[in-house]
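Quick notes on the structure that follows.
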Amino acid sequence: MEKEKFYLTTAIAYASKKPHIGNTYEVILADAVARYKRQRGYDVYFLTGTDEHGQKIEDLAREAGVSPKEYVDRVSGEIKSIWDRMNTTYNRFIRTTDRDHEEAVSAIFKKLYDQGDIYKDTYEGWYCVPCESSFTETQLKDGKCPDCGREVTRTKEETYFFRMSKYAPALIKHIEEHPGFIEPESRKKEMLNNFLLPGLQDLCVSRTSFKWGVPVSFDEKHVIYVWIDALCNYITALGYGGTEKGELYRKYWPANVHIIGKDILRFHTIYWPILLMALGEPLPEKVFGHPWLLSGTDKMSKSRGNVLYADELADKFGVDGVRYYVLSEMPYLNDGTISYENMIKRYNTDLANNLGNLVSRTFSMTEKYFGGLIPTPAGEEGPDGELREICAKAYRVFTEKMDSYRVSEALDEVFEMLRRANKYIDETSPWALAKNGDMKGRLGTVLYNLLETVRIAAILLFPAIPASCEKILSMLGQDVPADYESAGHFGALPTGRPIGKAEILFARIDEKKFMEELAKEEGAAEKAAGKENVAQARPEELPKIDYDAFMSVELRCAKVLDAEPVPRAKKLLKLTVDLGYEQRTVVSGIAKFYTCEQLKGRKLALVCNLKPVTLCGVESNGMILASGEEEIRVLFLDDETPLGSRIR
RNA sequence: CGCGGGGUAGAGCAGUCUGGUAGCUCGUCGGGCUCAUAACCCGGAGGUCAUGUGGUUCAAAUCCCAUCCCCGCAACCA
């Protein structure tokens, strides 16, 4: 019988820099699902890869003094090596610079253009110089750049657009008729309420502001922008070429699941399905938006110095230690957290103490009491039935949870089973049975049951910690049933065969020693960097300006007369300030850091000649000076500073 | 009144749909065991289940109402 196919993908990682553990989580999750599906007998195709085009990479390459291709070759290679290190079993690692992908994307673009879904608008548009992006009239926010809010200049630009609106009704219908299409469920409402139901805007699908991308074949000034280029990897990887469809494509498409981060759900549940509809291809079965791994309560970022990398963690915890941590710590809906303390705790508790030690004591008793031969069980008594039942339950529930992508809950189930097995040892006290010659049969039953529990655990945990599970199964000896279904049959382990020697699977980590070494390493790294202030990364520096340029900014001392929150805005405060010669209203995004009372009566520096903007319905005439990106501190002036005096 | 999720022991979570002794993991305290990786097992302490001396009910963490707070998405840091 033909195996049922299962096609899953991760998002392709942007090849701008080394991915941190949060990015790596996604491919580990996908790998666990892929391995599980293979165990269940599916013909699995697992796709991952890198997204390598775009402005940012072009810039980074220039800074690094290499060509964009050289740049992405290096980063993509690094990403791939991390994926490999994590023992992920992808079938293809696609790069958007692969020739087959580029050709296919080009053909897809052409096809969409030919059929009228992509049109060129030669219009008088708006261009934002700092963002190097152009916008349509409707995209502007209050006449300003929608990305940065700065002034835009009028340009005559041509851009290609995709007619999103045309397909929106069909997509809404599809989403409503396919309850599992967007997962988790709560995300579905976000997409519908925020984007689809209010009305979709046509999407800009080409750029002229940079060159590093797939050129539009019939209009070489334009490169195809990220949406079409990146999203299409899911079909081009299978040999979809626009007109011809490869064998893999016919076999595996549509995808059973796209596993992606919750931040790009919008592209995968709106733009991508519409693109497919336009191509006349079936939609993926499911888009699963997983949560994020946070470092403590913060998002990982270089500036916070809290970035953890999968390969460095693997040096300390082993590959399976890292895999297990991210899979078990990541809930289904909420963001998970990662820290060394938590990792050590989880590693020790679950892997070393619960699983590793169970294997160790079971094997050593089998060795000691039965010369390393798997004993034959006799009659069932005492807690045997309960152990057997919990194994059956673990198998059943694990299967259910994995089928619905609740990996951490699935793993929990197995560890509960292992805890029960450890307790079973205490209840049956094999060492006491061993002292009594009459109890040899009973002792054999107990150890057989334990070995069997270990076998089942190894099969179930295989998708999460494959290398360790393979080791356990091989330690159990030759011809040990290792297929998934056999984990549902307690008693499948053949008797009388020799088992191997028990290895330490997961050596305990001494938290204190670990943290000391970590501190030492970090100290060494700082020394190697040769600076005392390595904690402070050098910021991006701007070109020098002359005095006149600076003086074109009109800074003056102003006093806050009144402050109040802006309705419907979380970050904004509306300030009424006095310059001595006039009063103005200024809107400032400092609501999270200052209360109105803290500001009233204070003197601060105001940029007076900034063009007015409207923010959340309030017109702002100027800007107050403040420091910081994430933690904002207002620059207050001395009380003696005269109102309205020029600052320079 | 933009849309959605959530507030349960020191931490992280389950339980809420289908009301009926408040549970799990970690931590903590005490005990047991010795096969094992100072591991494993048992027991204790610790919660007015956000608030409302609100409603429904014989009975509310659970259903209804109001309020407060947090977090996503959207809007927004001039």
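Just so we're on the same page: letters track the sequence lines, and every chain starts at 1.
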Across the strands shown, which category fits [X] at heavy-atom distances under 4.0 angstrom: base, sugar-phosphate, nothing?
X: A/L505; result: base
X: A/T362; result: nothing
X: A/N353; result: sugar-phosphate
X: A/V587; result: sugar-phosphate
X: A/F363; result: nothing
X: A/R266; result: sugar-phosphate

For [X] and [N], give me the distance from atom [atom1] to atom [atom2], rounded to whole Å.
X: A/K512; N: B/G27; atom1: NZ; atom2: P; answer: 17 Å
X: A/K188; N: B/G5; atom1: NZ; atom2: P; answer: 13 Å
X: A/L358; N: B/C40; atom1: CG; atom2: C1'; answer: 10 Å
X: A/R346; N: B/U25; atom1: CZ; atom2: C1'; answer: 8 Å
X: A/E554; N: B/A78; atom1: CD; atom2: C1'; answer: 15 Å
X: A/D350; N: B/C26; atom1: CG; atom2: P; answer: 8 Å
X: A/R556; N: B/A78; atom1: CZ; atom2: P; answer: 21 Å
X: A/E341; N: B/U25; atom1: CD; atom2: C1'; answer: 18 Å

Of the nucleotides [options], which one has an atom closest to the side chain of [X]?
X: A/V586; options: B/A78, B/C26, B/U37; value: B/A78
X: A/R419; options: B/C40, B/U25, B/A74; value: B/U25
X: A/F195; options: B/U37, B/C73, B/C35; value: B/C73
X: A/T349; options: B/C35, B/C26, B/U37; value: B/C26

[N] to [M] separation - [atom1] atoms, rounded to the nearest Å:
N: B/G30; M: B/G72; atom1: C1'; value: 44 Å
N: B/G44; M: B/C24; atom1: P; value: 11 Å
N: B/G5; M: B/G23; atom1: C1'; value: 23 Å
N: B/A11; M: B/G4; atom1: P; value: 30 Å

Exercise. Only counting residues at least two apart or in another chain, list the ones meeting ring-ring contact (aromatic ring centres under 6.0 Å, His included) with A/Y25.
Key: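 If we apply the ring-ring contact (aromatic ring centres under 6.0 Å, His included) test to A/Y25, skipping adjacent residues, the hits are A/H290.
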
Exercise. Look at the aromatic rings of A/F317 and A/F514 and report parallel, tilted or perpendicular, splitting at 30° and 60°.
Key: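 It falls in the tilted class, 30° to 60°.
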
Exercise. Report the relative orientation of the aromatic rings in A/F267 and A/Y271; use parallel for angles under 30°, tilted for 30 to 60°, perpendicular for over 60°.
Key: tilted

Quiz prompt | Neighbour count >12 (heavy atoms, 6.0 Å) for atom NZ, A/K559 | solution = no

Exercise. Side-chain contact test, heavy atoms from C-beta onward, threshold under 4.5 Å: evaluate it for A/L443 versus A/M365 and give yes or no.
Key: no

Self-check item: RNA chain B-proximal residues of residues 409-418 of chain A, any heavy atom under 4.0 Å
Solution: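 Those residues whose heavy atoms fall under 4.0 Å from RNA chain B, taken from residues 409-418 of chain A, amount to none.
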
Quiz item: 5'-most contact on RNA chain B: A/M191 or A/E329, nearest heavy atom basis?
Solution: A/E329

Quiz prompt | RNA chain B: 5'-proximal contact among A/N354 and A/A507 (nearest heavy atom) | solution =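 Taking each residue's closest nucleotide, the earlier one in sequence belongs to A/A507.
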
Quiz item: Regarding A/K440 and the six-membered ring of A/F370, is the cationic atom NZ or CZ under 6.0 Å from the ring centre and inside 45° of its axis?
Solution: yes

